[in-house]
There are 2 protein chains.
Amino acid sequence: MSELTERQKDILGIIVGSYVKTICPVGSRAIAKSYRQELSPATVRNEMHDLEEEGYIKQPHTSAGRVPTDRGYRYFVDHLIAKEKLGPHVAALVAREYREHMDNIETLIERTSKILSTLSEQAGLVVFPAFEGLVLKRIELTLLGNDRLLVVWVTENGFVQDRIIDMKEEIPGEELIRMNQFLNEELRGMLLAEVKSYVLSKLAQAGDSLRVLYRTALDIIRDGFPKVEQRRLALEGSRYILEQPEFHDWQKSRLLFKTLEARDSLMDLVQGNRDREGVQVRIGFEHHCEDIWDCSVVTTRYRVKDRTVGTLGILGPRRMEYGKVIPLVDFVGRRFGEVLEQWL
Amino acid sequence: MSELTERQKDILGIIVGSYVKTICPVGSRAIAKSYRQELSPATVRNEMHDLEEEGYIKQPHTSAGRVPTDRGYRYFVDHLIAKEKLGPHVAALVAREYREHMDNIETLIERTSKILSTLSEQAGLVVFPAFEGLVLKRIELTLLGNDRLLVVWVTENGFVQDRIIDMKEEIPGEELIRMNQFLNEELRGMLLAEVKSYVLSKLAQAGDSLRVLYRTALDIIRDGFPKVEQRRLALEGSRYILEQPEFHDWQKSRLLFKTLEARDSLMDLVQGNRDREGVQVRIGFEHHCEDIWDCSVVTTRYRVKDRTVGTLGILGPRRMEYGKVIPLVDFVGRRFGEVLEQWL
DNA sequence: GATTAGCGCTCTAACACTTTGAGTGCTAAA
DNA sequence: TTTAGCACTCAAAGTGTTAGAGCGCTAATC
């Protein structure tokens, strides 16, 4: 709507840049000094007044300098940001981390979260891949005691999930082995999202002789499928947020950690708008988790075989170096997807 | 060494009790009032003076009341503590938690950690079972691509671990299947700690015809065995510590969370003295993790089939209600072991 | 019309000072 | 051995003052 003049943009940029670095409200004198042309503080003050009227900046109290509002940050991210190139050491570090002791997918995920956290000095987040988006390589049934069945699922890229189910009726050993073989033959190579409906349709078509087989198979798949709502999330480096001066306030940090422990809301927060491509930035009030309106999230989706299966990113105070963080999240998101695929 | 008189014990008990509840240094007047017999503050002061000389209590500053020292807490825990009986709701709550949606061992562990945390209002900790202490039920080899092998281990109680290894030379499909069968036949029912040495001894005895087979088996077991040093730890409710007034100080909470994120030192801290039976209490300086000398840990080992396989407990400020927490940890430790075994 | 210098005003942060109350230690008396 | 009483100490809370940063406004200047 309201267009900013070039000079206003410059000033907003300086305010954001300075505030992000120092956390001190930025005064007109300081801006005038760091402005490229000669300019008096008074002029700057006038411009600041206008910027404040438009809601890009505000004063914490009368006679203080200005700090960016959410709107200011948003404008900065959308129009003014100079995305910094990642240093060569970043790629090197990521490569090294991914080369060494990569024991399984879980380790990979946790390490990725740690990478994000260390490089951004914020909290790093990686949502575990959506199981339904992966391709089944193998399924193994193991009887525990007489009435419990352990179902182990292995996907093509080496992701392992397991679930224990109660059995209504006992199944004899040989029959279980046959069932296991049957499941593998029928389902191998199939997208996990489609497994259930596939068996369901087969059951509908099946003649009497196969009916029982499909029936049991369906039971096992239905009950033994890893729970969607229980999707995991790797969170590393939440301490970085605690170190930010704006969280020295005890009430704030208390609330923050309470929210971080409630994985559900955190998951919602991270997943954000599922349709959008590329790196997403949600600043302060823009997201709906009101307990952490003091925070921003920068996320991106990662893909395996051209299918989006998860989200990763970072969480930090609103006041963060978006210019650094955005390219980082973008880069790590791509690399992570690649590594996840490579194992296939 | 130094024996306390009955009255001194009473006074120490009152000081600990009151301080734990209120966090305020306890003065002589307050003690005199809550003492069972009539007693003047002056007398109490004399006793307090002696207690201070012996190192059981101290003054934060001149003209303040007294607070317990580590030694005071230790004496309290060893001699004065009145272990509270667990309310019936505790057993009920635990039973309910364990009945519902217990999807797999991981969920069980995380839920147990949460139970500990919720009921104690401290941070709850559960170290994942030591893989070596469990009994092998099944092992599955899956080829990922051409040169990576996924090894999935299943223990008798349904604990699943996996690890991806690089293969020096390709193994053809049929051979892998034979190897898989061979491993299962040889190793099923064996304690995982003994697996490696067993195959090693077999290799030594083996004639030329079987040599290659055992050689390959050994490679797979050696490389594919889950890493010991990477043992996981479920930590829930660290926010409760943040809520304690003594951690309103930003420096302290900062340090605490830094330490909590370094899982290695946390693991050392929790495991404590491996030889001792029953509930262990380590107060402040008694443990060796100096970053959290403001905290105490209450832990117990849990067992599967009479074999100690892990530790669980709670972590909180020194000032905690030991009388409540110790029975809780004891109870949950037993129940957890039982449930873990039941799945066998 | 845009820019600037200058002035008065406001508000915070820091510091010094005082007061209050809790709590102690010590001594002398019971 | 216990107690009453008094002097003393210290932290916490409140008060007042000052210095400085920064603003808005107005009038002068470019």
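No hydrogens, no waters, no symmetry mates; every other heavy atom, side chains included, goes into these values. Lettering of chains follows the sequences in order, A, B, ..., and the numbering in each one begins at 1.
- Look at NE2 on A:His61: it is 6 Å from C1' on C:dC11, rounded to the nearest Å.
- Close to D:dT2, at under 4.0 Å from its OP1 or OP2, lies a side-chain N or O of B:Arg7.
- Between A:Ser63 and the phosphate of C:dC9, there is no side-chain N or O to OP1/OP2 separation shorter than 4.0 Å.
- B:Lys83 NZ: 12 or fewer foreign heavy atoms inside a 6.0 Å radius.
- The nearest whole Å value for the distance from the CD atom in B:Gln59 to the P atom in C:dA22 is 16 Å.
- Straight-line distance from the CE atom of A:Met48 to the P atom of D:dG24: 8 Å, rounded to whole Å.
- Distances shown here put every side-chain N or O of A:Arg29 at or beyond 4.0 Å from the OP1 or OP2 atom of D:dG20.
- Close to D:dC23, at under 4.0 Å from its OP1 or OP2, lies no side-chain N or O of A:His49.
- Distances shorter than 4.0 Å separate none of the side-chain N or O atoms of A:Thr62 from OP1 or OP2 on D:dC23.
- Nearest-nucleotide assignment on DNA chain D puts the 5′-proximal partner with B:Ala42, out of B:Ala42 and A:Ser28.
- The aromatic rings of B:Trp293 and B:Phe285 sit tilted, their planes meeting at an angle between 30° and 60°.
- Rounded to whole Å, the distance from CD on B:Glu47 to P on C:dT24 is 13 Å.
- Rounded to an integer number of Å, the gap from B:Ile11 CD1 to D:dT2 C1' is 13 Å.
- Along DNA chain D, the nucleotide nearest to B:Leu39 and the one nearest to A:Ala30 differ in position, and the one closer to the 5' end is contacted by B:Leu39.
- To the nearest angstrom, C1' of C:dG23 lies 14 Å from CG of B:Asn46.
- Listed pair A:Arg66 / D:dG24 meets the phosphate criterion, a side-chain N or O lying under 4.0 Å from OP1 or OP2.
- For B:Phe76 and B:Tyr322, the gap between ring centers reaches or exceeds 6.0 Å.
- Other residues, nucleotides and ligands place no more than 12 heavy atoms under 6.0 Å from the CZ atom of B:Arg29.
- Under the 30°/60° scheme for interplanar angles, the aromatic rings of B:Phe257 and A:Phe257 are found to be tilted.
- Summarising the geometry, the separation between CD1 on B:Ile15 and P on C:dG23 is reported as 12 Å, rounded to the nearest angstrom.
- One atom, CZ of B:Arg45, and another, C1' of D:dT1, lie 16 Å apart when rounded to the nearest Å.
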